[in-house]
Amino acid sequence: MRFLHELTIGEMITITEQWTGDGKPVFLAIPELVPFLPRVQEDHAALVGARGGSSAETPLRTLSDQADTLDTRHDHLQRALHFGMRSAREALLGQNPPNVALADAIDVALEKLQPRGLDIVKASYESEAGNAAQMVKLAETELAAVLAQVPILDGVSALDLVKQIGAVGTALGAVEQKKSVTAAAAAKEDVTPSEVRRRMRAWVDTVELVLGALTRTKVNEAHVEQIRKPVVDAAEKARGRRLAKRNAAGKKGEGAPSEPGN
């Protein structure tokens with residue numbers, strides 16, 4: 001069919017998106033088309049990847065969303081630990097008599113866990129994961145006795161909270177590692193302009209095979225039209241663009257001044 005090579009990549013994707021999506025049952029209902037479905041799906045996926053720039057785009061976005069969610073949890077838990085321990089310290093000093101020894105021990109523990117205070121939530125995701133691992137190590141060894149005496153929530157001590165921070169940090173570190181690996185793979189997967197053109201030519205070849213097979217089928221004409229119509233409509237739009245461009249060029253030429261000497 002003429003003008004298929006002039007379709008945009010978006011128009012091409014829209015056509016085969018119908019064949020491989022909602023229109024797939026109709027496509028498969030035409031026996032002559034069944035052998036072409038794997039090729040249609042392959043060419044369609046190749047164009048989607050070309051338009052997106054890389055097949056890693058979607059996984060990277062998903063991983064980034066996961067990292068952002070984990071970071072938000074991490075920051076809330078770090079603030080809860082900070083203010084919870086400070087609140088416990090003040091409460092101990094306000095007792096009669098004050099429990100100065102435990103209040104001082106809480107001071108020391110908080111200084112070791114968060115030496116830069118709440119600046120800990122401003123670190124990179126990788127640093128947050130590393131800091132969380134260090135905190136757990138301290139909490140489970142030299143600071144365990146003190147942290148176990150500091151209530152944060154009903155049934156949740158500061159020691160429990162640090163362990164939660166560690167778990168979130170571990171998950172955040174794992175996601176960041178996956179992001180690095182995926183980004184590295186994506187960097188090697190750039191789709192060059194020549195590769196995009198090659199994929200578009202392959203798509204046209206496949207669609208022409210499908211259209212050729214439709215001329216030989218004896219199935220319900222409505223099914224044939226459902227498969228063929230998106231291609232015909234898109235080709236007609238491309239033909240209209242070609243004519244409009246040609247007419248515009250013609251008008252421009254008519255109004256242009258003659259070259260000297262003509």
Side-chain angles (χ1 to χ4, degrees), residues 48-49 51-95 98-190:
V48 171
R51 185 171 66 173
S54 167
S55 61
E57 181 183 8
T58 299
L60 273 174
R61 188 183 306 117
T62 299
L63 289 169
S64 293
D65 290 343
Q66 291 175 3
D68 290 344
T69 299
L70 288 167
D71 174 62
T72 298
R73 286 189 60 203
H74 166 273
D75 292 355
H76 282 309
L77 292 172
Q78 290 282 15
R79 293 187 187 100
L81 180 69
H82 183 84
F83 293 117
M85 291 184 69
R86 289 185 60 183
S87 175
R89 174 185 179 276
E90 296 301 321
L92 289 167
L93 293 176
Q95 300 305 302
N99 190 337
V100 177
L102 182 54
D104 287 348
I106 289 173
D107 243 353
V108 172
L110 185 57
E111 176 63 26
K112 289 185 177 182
L113 292 171
Q114 296 179 341
R116 298 188 309 278
L118 284 179
D119 281 349
I120 198 167
V121 303
K122 300 176 183 178
S124 67
Y125 290 176
E126 294 89 344
S127 295
E128 287 183 352
N131 290 337
Q134 281 188 311
M135 290 175 68
V136 171
K137 187 175 180 179
L138 282 169
E140 291 182 335
T141 54
E142 61 180 283
L143 303 179
V146 174
L147 296 177
Q149 299 181 66
V150 180
I152 301 295
L153 293 172
D154 186 23
V156 178
S157 68
L159 179 59
D160 298 324
L161 199 63
V162 173
K163 290 179 180 179
Q164 288 183 25
I165 291 172
V168 172
T170 297
L172 182 58
V175 170
E176 283 300 292
Q177 177 62 25
K178 288 182 182 178
K179 279 175 61 181
S180 297
V181 172
T182 305
K188 299 177 182 178
E189 199 185 303
D190 291 334

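Looking only at atom types and distance, the side chain of His74 has a donor-acceptor partner in the side chain of Gln78 under 3.5 Å away. Neither side chain, Thr69 nor Thr72, offers a donor N or O lying under 3.5 Å from an acceptor on the other. Of the N and O atoms on the side chains of Ser157 and Asp160, at least one donor lies less than 3.5 Å from an acceptor on the other residue.
Using a 4.5 Å cut-off on side-chain heavy atoms (C-beta onward), Asp71 and Val168 make no contact. Looking at heavy atoms from C-beta onward, Arg116 lies in side-chain contact with Asn131 at the 4.5 angstrom threshold. At a threshold of 4.5 Å between non-hydrogen side-chain atoms, the residues Glu128 and Asp75 count as touching. For the pair Gln134 and Leu138, the minimum side-chain heavy-atom distance is 4.5 Å or more. Side-chain contact check for Ile106 versus Asp104: every heavy-atom pair is 4.5 Å or farther apart. His82 has its side chain out of reach of Arg79: every pair of non-hydrogen atoms, C-beta onward, lies at least 4.5 Å apart.
When every heavy atom of Leu81 is checked against every heavy atom of Ile165, the shortest pair comes out as CD2-CD1, 4.1 Å. Residue Ala88 comes nearest to Val150 through the heavy atom pair CB-CG1, 3.7 Å, listed as atom of the first residue, atom of the second, then distance. Residues Ala129 and Gly169 come closest through the heavy atom pair CB-O, 3.3 Å. In this structure, Leu113 and Ile120 approach most closely via the heavy-atom pair O-CD1, 4.2 Å. Of all the heavy atoms in Ala103 and Leu92, the pair that sits closest is N-CD1, 4.0 Å. Closest non-hydrogen pair, Ala67 versus Leu172, comes out as O-CD1, 3.6 Å.
In this structure Lys163 satisfies the side chain to side chain donor-acceptor pair (under 3.5 Å) test with no other residue, sequence neighbours excluded.
Taken to the nearest 0.5 Å, the NZ atom of Lys179 stands 10.0 Å off from the CD atom of Gln66. Within the model, atoms NZ of Lys137 and CG of Leu143 stand 12.5 Å from one another, a figure rounded to the nearest 0.5 Å. Here the CE-CG distance, from Met135 to Leu77, works out to 9.5 Å after rounding to the nearest 0.5 Å. Separation of atoms CG (Leu153) and CG (Leu161) is listed at 7.5 Å; rounding is to 0.5 Å. With values rounded to the nearest 0.5 angstrom, Leu110 atom CG is found 10.5 Å from Phe83 atom CZ.
Screening Arg86, Lys112, Arg89 against Asp107 for a side chain to side chain donor-acceptor pair (under 3.5 Å) leaves a single residue, Arg89.
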